[in-house]
Amino acid sequence: MNYWLMKSEPDAYSIDHLAVQKKQIDHWDGIRNYQARNFIRDDMMMGDLAFFYHSSCEIPAIVGIIEIVSSAYPDYTAFDPAEKYYDPKSDINNPRWFMVDVFLKRKFRHHVSLKAIRTETELQDMRLVQKGNRLSILPITKREWNHILMMEN
DNA sequence: GCCAACGTTGGC
DNA sequence: GCCAACGTTGGC
């Protein structure tokens, strides 16, 4: 059982987009970074929990909790030239990119902003607050997970 | 819109 | 394998 943080730009896909999906389940597509790909393909497991993080927006923040409800499978949007994240180098017989399905467990009553996270001495080791971090999938320790849950209240 | 920090690409 | 050029991410 692992903990993660998963980033999405709310203009492209926010937690409310997930909330209106049937059964509140959707696929998490568009990962086009090898390190993030390796995390979801090799380390992510069904039952893992993740924070849903809004990036590149007015108030970057953790906005809810999602559960991983599939194992990793090929990201089929990479095969479709009409898709934004089409990648001609991803072969259907040897897929380069993967995705998982996620289920919305709950939206936070109070968002936990990046700004607030930066002020917590207990969270200074998080890659999220370190300089130059661009990874869209980040592992989180149980200690960090619990601390952020505490910050919500 | 700016820009720092990466990651990727491709010539050599 | 090196590295300059280029593209992207994401906070501010």
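Letters A, B, ... are given to chains in the order of the sequence lines, protein chains preceding strands, and every chain is numbered from 1.
Backbone-only contact: A:K89 has heavy atoms under 4.0 Å from sugar-phosphate atoms and none from a base.
Note on A:R118: a side-chain N or O is less than 4.0 Å away from OP1 or OP2 of C:dC12. The phosphate of C:dG10 (OP1 or OP2) has a side-chain N or O of A:K7 nearer than 4.0 angstrom. At C:dG11, one or more side-chain N or O atoms of A:Y53 fall inside 4.0 Å of OP1 or OP2 (strictly under the cut-off).
With rounding to whole Å, A:D87 atom CG is found 15 Å from C:dT8 atom C1'. The separation between A:M126 atom CE and C:dG10 atom P is 14 Å, rounded to whole Å. Counting to the nearest Å, the C1' atom of C:dC12 and the NE2 atom of A:H54 are 19 Å from each other. Rounded to whole angstrom, the span from the CD atom of A:Q130 across to the P atom of C:dG10 amounts to 15 Å. Rounded to whole Å, atom C1' of C:dT8 lies 14 Å from atom CG of A:N133. One atom, CD1 of A:I31, and another, C1' of B:dT8, lie 18 Å apart when rounded to the nearest Å. Spacing between atom CH2 of A:W97 and atom C1' of B:dT8 amounts to 10 Å, rounded to whole angstrom units. For A:D11 and C:dG10, the CG to P distance is 13 Å, given to the nearest whole Å.
With C:dC12, B:dG7, C:dG10 as the candidates, the nucleotide lying closest to the side chain of A:Q35 is B:dG7. Side-chain proximity of A:K131 to the nucleotides B:dA4, B:dG7, C:dC12 is greatest for B:dA4. In this structure, the nucleotide among C:dG11, C:dG10, B:dT8 sitting nearest to the side chain of A:Y34 is B:dT8.
Salt bridge annotation for A:D75-A:R32: present, with a cationic side-chain nitrogen under 4.0 angstrom from a carboxylate oxygen. Electrostatic pairing of A:R106 and A:E67 does not count as a salt bridge here, judged by no charged N lying under 4.0 Å from a carboxylate O. Ionic pairing of A:D16 and A:K107 is present here: one or more N-O contacts between side-chain nitrogen and carboxylate oxygen are shorter than 4.0 angstrom.
When each of A:Y76, A:F79, A:W28, A:Y34 is paired with A:W97, the ring-ring contact (aromatic ring centres under 6.0 Å, His included) condition holds for A:Y34 and for no other.
Side-chain contact check for A:I62 versus A:L5: some heavy-atom pair is nearer than 4.5 Å.
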